[in-house]
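Start at 1 and go down the list; that is how both ligands and their atoms are numbered.
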Amino acid sequence: MADTAPAAAPSSCLLGNYNRAAVRFVRGEGCWLIDDAGTRYIDAFAGVAVSTLGHGHPALVSAISHQAATLIHVSNYYASPQQEQLAARLVAHSFPGRVLFCNSGTESNEAAYKAARAWSNIVHDGRKPRIISFAGGFHGRTIGAVSVTANPKYREPFAPLPQPLTEFLPFGDVAAFNAAMADNVCAVWIEPVQGEGGVMVAPPGFLAAVRAACTRHGALMVVDEVQTGISRSGKPFAYQYDGATPDIMCLAKGLGGGVPIGATMFGPSAWDLLKPGMHGTTFGGNPLAMAAGLAVTELAFTPDFLTHVNARSEQLITGLRRVFAGQEVRGRGLLLGVQLDADPTAMVAAARAHGAIVGPAGNNTLRLAPPLIISAAEIDELLTRLGAARRQVTGAA
Ligand code: PLP
């Protein structure tokens, strides 16, 4: 009997792969999250740079409600006017391209990875086996995406990874990069601002150097804008700061404002690589996700919206430099990092205790990525709460 008796019910049936804080959010209003006790928190993390329009934005709610009542899903066996419309809008604000929709950032990178292998194997008879990426980069959790992600903690438990292994070079070191480049490189992966890696902005000229070497050696430049894209950086896409147009661009997060979505954009050099039958996904580009993407981008690419992001960015940078005097504040637009002296966990918890949601990033960095609609008054409130959190952590009066 004892052998077959059911085990005691676990306290949670969820897999233990996340370290979750105990707070339970039950509602969102604009830049505010409300927990099950009614406590209000100002959201300066946007669910890891996702909720572009904040919570419950009427344009997004109305678009997805209408689409849900009309048609949620069809499959990619049929034409999709919504995909056509969103693809055309993304192209209009970036570069001539063709768009493949998927459901997440890692999937977007996975499609880019397959295109890169096809570039070597099909177009170049296998003569371009090498992939280059950069220390501090993060590209997702599927096997292709972890294989181009430098941090060993994300990769090593899952070896053996696709061969030959990706080569990881110092981020921003043009000389090291140029020395490694050769005609046998099929692709170079880069984030214009490394989000997970600690909000590290590529030094001026680095993306342009990557672009030039990729062109010289016939390699695909893959720019991962999963975190920086859709106006978070203060431009529609962060590569635009450097004028270094990629061959492939990866998008997700902010594009759907909270509805799962991903997109991979292929420029002319890459848009013929994935032929019918070579890649696909059941949910990718379904009408519900497209309605969300259309609602977000209808607002987020307008000049007024971008002006707002840049004004709030300046305000937040100035305020963070005051609150965290002595610490480096860096980033672009509303993707900002504060360099702390220690792991940010204590600061994140103290901020939460004072009613402000911020997040960690690598390299002892406190990461802020608020909804892009955050107001000047909300930034002032956020700074007051972060000031209290910092005093609590440092013990300052
Ligand atoms: N690429 C970048 C730059 C990211 O920041 C992330 C997630 O943080 C990903 C890819 C993976 O995206 P997802 O978690 O949607 O798979």
Side-chain angles (χ1 to χ4, degrees), residues 15 17-20 45-52 100-116 131 133-151 153-155 158 166 168 171 187-202 206-207 210 221-233 237-239 241 246 248-265 281 283-285 289 292-293 296 331-337 344 348 358-363 365 367-370:
L15 196 72
N17 62 320
Y18 297 114
N19 283 320
R20 298 172 191 268
F45 203 46
V48 201
V50 165
S51 307
T52 307
L100 169 78
F101 289 105
C102 57
N103 312 286
S104 66
T106 198
E107 272 183 81
S108 172
N109 277 274
E110 208 69 22
Y113 193 99
K114 287 172 78 172
I131 293 179
S133 180
F134 296 100
F138 180 84
H139 303 287
R141 305 291 196 147
T142 50
I143 290 295
V146 289
S147 80
V148 292
T149 290
N151 191 331
K153 91 174 172 194
Y154 298 122
R155 265 183 307 119
F158 309 108
T166 299
F168 299 107
F171 186 58
V188 178
W189 247 262
I190 184 166
E191 287 165 272
V193 181
Q194 293 184 330
E196 301 295 316
V199 194
M200 302 295 186
V201 182
F206 190 55
L207 261 78
V210 170
M221 179 180 182
V222 181
V223 168
D224 183 344
E225 295 238 18
V226 164
Q227 196 153 157
T228 50
I230 321 298
S231 304
R232 178 152 294 281
S233 74
F237 302 99
Y239 80 81
Y241 280 94
I248 300 179
M249 178 162 70
C250 301
L251 301 173
K253 288 193 185 280
L255 178 56
V259 175
I261 190 171
T264 317
M265 296 189 57
T281 161
F283 291 122
V296 168
R332 279 218 156 113
L334 288 172
L335 177 58
L336 298 175
V348 171
V358 291
N363 196 31
T365 304
R367 182 168 28 156
L368 289 92

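For Ala369, the side chain to side chain contact (heavy atoms under 4.5 Å, CB included) test picks out Ala49, Arg232, Leu335, with sequence neighbours left out. Under the salt bridge (Lys or Arg N to Asp or Glu O under 4.0 Å) criterion, Glu196 pairs with Arg367, not counting sequence neighbours. For Asn363, the side chain to side chain contact (heavy atoms under 4.5 Å, CB included) partners at least two apart in sequence or on another chain are Met200, Arg330, Gln339, Thr365.
The aromatic rings of Tyr113 and Trp189 sit tilted, their planes meeting at an angle between 30° and 60°.
Residues Ser233 and Thr228 bring no donor and acceptor atom of their side chains to less than 3.5 Å of each other.
Results of the side chain to side chain contact (heavy atoms under 4.5 Å, CB included) test with Leu255 over Ile230, Val50, Thr52 single out Ile230 as the only residue that passes.
Protein residues lining ligand 1, listed by chain and number: Ser104, Gly105, Thr106, Asn109, Phe138, His139, Gly140, Glu191, Glu196, Asp224, Val226, Gln227, Lys253 [non-hydrogen atoms, distance under 4.0 Å].
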